[in-house]
Structure formats: C-alpha cells, structure tokens
Amino acid sequence: MKNKEKIVLLNIFIIIVTIVCYSPGLLNLRPSDDSIFRAGMSIMMALGLGFAFFYGNYELLRDKPLPKIERSDIMNIEQAERLLRNYFGGKYVGKSAKAADEQLQRMLKSFQRTESLIDERFDKGSLSWEKYYSVVESAQQTALQNIVSMANRMQMFDETEYQRLQHYKDDMIPDDLQEQQLQLYEKNMDTIKNGIALNEKLLLKMDTLSLELSDVKDEYKPGDALLEEIERLTEEVKLYQ
C-alpha cells in the first residue's frame, strides 16, 4: 500500500473514532461531563487522537532513508538492483544508476558463462581448474562489491542539495564552505563513474577469457598474461570501493 493511501485511511479512521467518541447520539464524551471517569476518558481520547494525527501523518509524510546495503551482503545483490532503480529518474546520478544496473545484468551472465566454460575445459579440482576458477571468482566478488559500493554512494548524493550548490554564490552562506561541499559531491560522482568504467574493463577481460576458453584447441590453454591482467584489474577495482 502506498503512503498516500495510508495517510487517507489513517485520517478517515481518526475522523470516525472522533465522531463515535464525541457525537451526542453515540458515546458523547466531553470534558465537562458530570462523571469524572467519562470526563477523563474524553481528555485521554482527545490527546490520543491528536497524537495519532500528528505523529502518524508525520511518519507517513517524511522521506525515509533507503536501507544501506553492506559490502558483506553480496549474496543479496537484488537489494542493490532495487536501490539503483530508485535513482533512475535522478537528474545527476540517473544515468550512472542505469549504467550500473545494466552492467550488473551483463556481469552476472558473463561470469556465469566463464565459470561454465572453466568447468567444461578442466577437470574439477585440478590445478588448472583451481587456478582459473579462483581468479574468476575473486573478480566476480570484487565487481559485485563495486556495484554495491556504487549503490551506497548514490544514497549519499542529495540531488536537491547538489542543484542548490550549483548557484552557491547567490546566497549568504560562506562561499568557501560551499565550494568544499560541491567538491565532495563531484568527487563522489567521479568515483561512481570510475567504478563503472573499471567494472567495464573487467567485463571485457572476462569476455576475452571466455572466448579463448571456448575457441582454443584441446591441447592449448589460455596464457597466464590474461589471468594476470584480470587479477590486476580486480585489485584496481578494490581501490574504488
């Protein structure tokens, strides 16, 4: 149920309870009642209804922060997908959010395809299998963690505040402080964009590895240089998280 519907139902409920409690034809509660109990109930109900009105509407109207996804929560990557999609309409981070989400879908397919080819190419548990699989698995975990890290960074990006800072010289707040704030926002945006670019490089190398694993002759194994390049990129991606 959407918040607007909840607000309407809450206020209808409060109105109905108020009518039932204070209408002469119903409970007819009033502070001036001769009965101390009924007079007290009248005051308590008024306070309760007032609290329900103000607190209930406040809770439903206020913007609640999106749940932060921790890097350790990598198995629940669908949370990162949902969070990224919340930013699709953003003026400043919308394109990055869409790019990261699209990248995530391609990434999951690419790593699954590569691992499948490793299983076909080498005997499971052999030294070659262990070598290739460990490199690919490490790259996959790092790339997924990078997606989660980017999603978390987007949560820290307040588009309204960033738009205000575009015209910081027009207000009374000290310019030097606002320049620092603006630099923080721009650094965050650059880090997100760099993270997407690095993941893309890793994806390219993974697709190259898949191609070599599928095309080479039986007696040939893809060179160690490609694995080393994947390992190097994996370490580079970690620096941006």
Side-chain angles (χ1 to χ4, degrees), residues 66-88 93-155 188-241:
L66 292 165
K68 186 173 182 180
I69 304 166
E70 300 298 334
R71 294 179 188 174
S72 58
D73 198 19
I74 206 68
M75 295 303 292
N76 203 5
I77 199 67
E78 63 270 13
Q79 285 184 279
E81 291 184 78
R82 288 198 298 272
L83 193 148
L84 286 170
R85 287 167 187 170
N86 275 296
Y87 292 94
F88 277 11
V93 296
K95 288 183 179 179
S96 294
K98 289 177 183 177
D101 183 67
E102 180 196 30
Q103 191 178 70
L104 175 59
Q105 309 311 318
R106 291 188 292 115
M107 187 184 301
L108 293 172
K109 290 179 183 177
S110 177
F111 283 111
Q112 184 179 19
R113 181 172 59 246
T114 306
E115 288 177 346
S116 212
L117 285 166
I118 292 171
D119 287 338
E120 291 175 12
R121 185 74 181 164
F122 308 109
D123 293 332
K124 192 169 184 179
S126 67
L127 290 176
S128 293
W129 183 90
E130 291 280 359
K131 177 181 177 181
Y132 281 82
Y133 202 88
S134 63
V135 170
V136 171
E137 185 67 14
S138 176
Q140 174 175 297
Q141 291 298 312
T142 301
L144 292 178
Q145 285 174 348
N146 193 28
I147 293 285
V148 172
S149 179
M150 283 188 278
N152 279 329
R153 284 184 174 277
M154 287 179 194
Q155 287 190 100
N188 193 13
M189 285 182 68
D190 288 341
T191 303
I192 291 170
K193 290 176 182 177
N194 288 335
I196 292 172
L198 281 171
N199 265 5
E200 203 61 38
K201 289 180 182 179
L202 199 52
L203 263 173
L204 176 60
K205 293 299 177 183
M206 200 58 55
D207 289 340
T208 303
L209 178 61
S210 293
L211 189 61
E212 290 199 10
L213 285 168
S214 61
D215 283 353
V216 295
K217 296 178 181 179
D218 289 343
E219 67 272 12
Y220 177 77
K221 296 177 184 178
D224 289 341
L226 183 54
L227 288 183
E228 289 173 2
E229 181 66 10
I230 292 173
E231 288 179 312
R232 185 190 67 77
L233 282 171
T234 299
E235 290 303 314
E236 194 173 346
V237 170
K238 287 179 182 178
L239 295 176
Y240 277 84
Q241 297 172 17

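This structure is a prediction, so every number in the text was calculated from the model and none was measured. Index from 1, following the sequence. Note: hydrogens, waters and symmetry copies are ignored here, and every other heavy atom, side chains too, is used.
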Please report the shortest heavy-atom distance between A143 and N199, naming the atom on each side. O-ND2, 3.4 Å
Side chain to side chain contact (heavy atoms under 4.5 Å, CB included) for M150 and I147? Distances and angles first, verdict last. CA-CA 5 Å; M150 283 188 278; I147 293 285; 3.8 Å; yes
Of all heavy-atom pairs between S128 and F122, which one has the smallest distance, and what is that distance? CB-CD2, 3.5 Å
Donor-acceptor under 3.5 Å (S149 side chain, Q145 main chain): no
For Q140, the side chain to side chain donor-acceptor pair (under 3.5 Å) test, sequence neighbours excluded, returns none
From T234 OG1 over to L198 CG, what is the distance, rounded to the nearest 0.5 angstrom? 10.5 Å
Output, in order, the C-alpha distance, side-chain angles, deciding distance and verdict of salt bridge (Lys or Arg N to Asp or Glu O under 4.0 Å) for R85 and E81. CA-CA 6 Å; R85 287 167 187 170; E81 291 184 78; 3.4 Å; yes
What residues form a side chain to side chain donor-acceptor pair (under 3.5 Å) with S96, not counting sequence neighbours? none
Quick one: CD1 on I192 to CZ on R153, what's the gap to the nearest 0.5 Å? 7.0 Å
Keeping to residues at least two apart or across chains, list the salt bridge (charged side-chain N to carboxylate O under 4.0 Å, His left out) pairs with something in residues 140-150. none
From D101 CG over to L83 CG, what is the distance, rounded to the nearest 0.5 angstrom? 11.0 Å
Indicate yes or no: at least one non-hydrogen side-chain atom of L227 is less than 4.5 angstrom from one of L209. yes
Evaluation steps, salt bridge (Lys or Arg N to Asp or Glu O under 4.0 Å), between R232 and E235: CA-CA 5 Å; R232 185 190 67 77; E235 290 303 314; over 6 Å; no
Residues that R113 engages under salt bridge (Lys or Arg N to Asp or Glu O under 4.0 Å), provided they are two or more places apart: D207
From L211 CG over to L226 CG, what is the distance, rounded to the nearest 0.5 angstrom? 10.0 Å
Rounded to the nearest 0.5 Å, what's the gap from CD on E229 to CG on L204? Could you check? 9.5 Å
Is a salt bridge present between E200 and R106, judged by a nitrogen-to-oxygen distance below 4.0 Å? yes
Sequence neighbours excluded, every pair satisfying salt bridge (charged side-chain N to carboxylate O under 4.0 Å, His left out) that has a member inside residues 126-137: K131-D224
For Y133, ring-ring contact (aromatic ring centres under 6.0 Å, His included) partners two or more places apart: W129
CE/M107 to CG/L202 distance, rounded to the nearest 0.5 angstrom? 7.5 Å
Is there a side-chain contact between L144 and L108, using heavy atoms and a 4.5 Å cut-off? yes
Which pair of heavy atoms, one from S210 and one from L117, lies closest together, and at what distance? O-CD1, 3.4 Å
